Amino acid sequence: MTEVIGFGVLGAGAHGVRYLNHLARGDVPSARAIALWRRDGVAARELAGRFGVQVAPHWRDLIADPRVDALVVATPPGAHPEAILAAVE
């Protein structure tokens, strides 16, 4: 049996939604979306309902979620370094 890799999606704008769609469709059979974070809480909750995932209250909570094995960083490029460095700590 293949182990499922849980993905967190940090930044759920146009690019983040694209990744959520891929994960929801099963484009990668061993991967599934677990949770997302988006600065706009209302939009985050709408997307979470649409994709059947949880909303992390803060992006650091998404990184700390023990169910998240891999992270999609789909924030504006200037925010990438902070999130990536936090994820590898």
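Keep in mind that what you see is a predicted model, and the values were worked out from it rather than measured.
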How close do [X] and [Y] get, heavy atom to heavy atom, and via which atoms?
| X | Y | result |
| --- | --- | --- |
| Leu36 | Leu62 | N-CD1, 4.0 Å |
| Ala74 | Gly11 | CB-O, 3.4 Å |
| Pro81 | Gly78 | CD-O, 3.6 Å |
| Pro57 | Trp37 | O-NE1, 3.8 Å |
| Thr75 | His80 | O-NE2, 2.8 Å |
| Arg38 | Gly13 | NH1-CA, 4.3 Å |

Quiz item: Counting heavy atoms not belonging to Tyr19, are there more than 12 under 6.0 Å from its OH?
Solution: no
Practice problem: Walk me through it: do Val17 and Arg50 pass the test side chain to side chain contact (heavy atoms under 4.5 Å, CB included)? | Solution: CA-CA 10 Å; Val17 169; Arg50 180 171 146 197; 3.9 Å; yes
Quiz item: Would Ile34 and Arg67 count as a side chain to side chain contact (heavy atoms under 4.5 Å, CB included) if you check the C-alpha gap in whole Å, the side-chain angles of each, and the deciding distance to 0.1 Å?
Solution: CA-CA 7 Å; Ile34 299 294; Arg67 300 168 304 144; 3.4 Å; yes
Cluster check [X], [Y]: I/L/V/M/F/W/Y, side chain < 4.5 angstrom:
| X | Y | value |
| --- | --- | --- |
| Val68 | Leu23 | no |
| Leu71 | Phe7 | no |
| Val9 | Trp59 | no |

Would you give the length of the straight line joining atom [atom1] of [X] to atom [atom2] of [Y], rounded to the nearest 0.5 angstrom?
| X | Y | atom1 | atom2 | answer |
| --- | --- | --- | --- | --- |
| His58 | Leu10 | NE2 | CG | 9.5 Å |
| Ile63 | Arg60 | CD1 | CZ | 6.5 Å |
| Glu46 | Phe51 | CD | CZ | 8.5 Å |

Practice problem: Go through the steps to decide whether Ile5 and Val28 satisfy the test side chain to side chain contact (heavy atoms under 4.5 Å, CB included), and finish with yes or no. | Solution: CA-CA 10 Å; Ile5 300 168; Val28 180; over 6 Å; no
Quiz item: Counting only N and O atoms by type, is there a donor-acceptor contact under 3.5 Å from the side chain of Asp69 to the main-chain atoms of Gly6?
Solution: yes
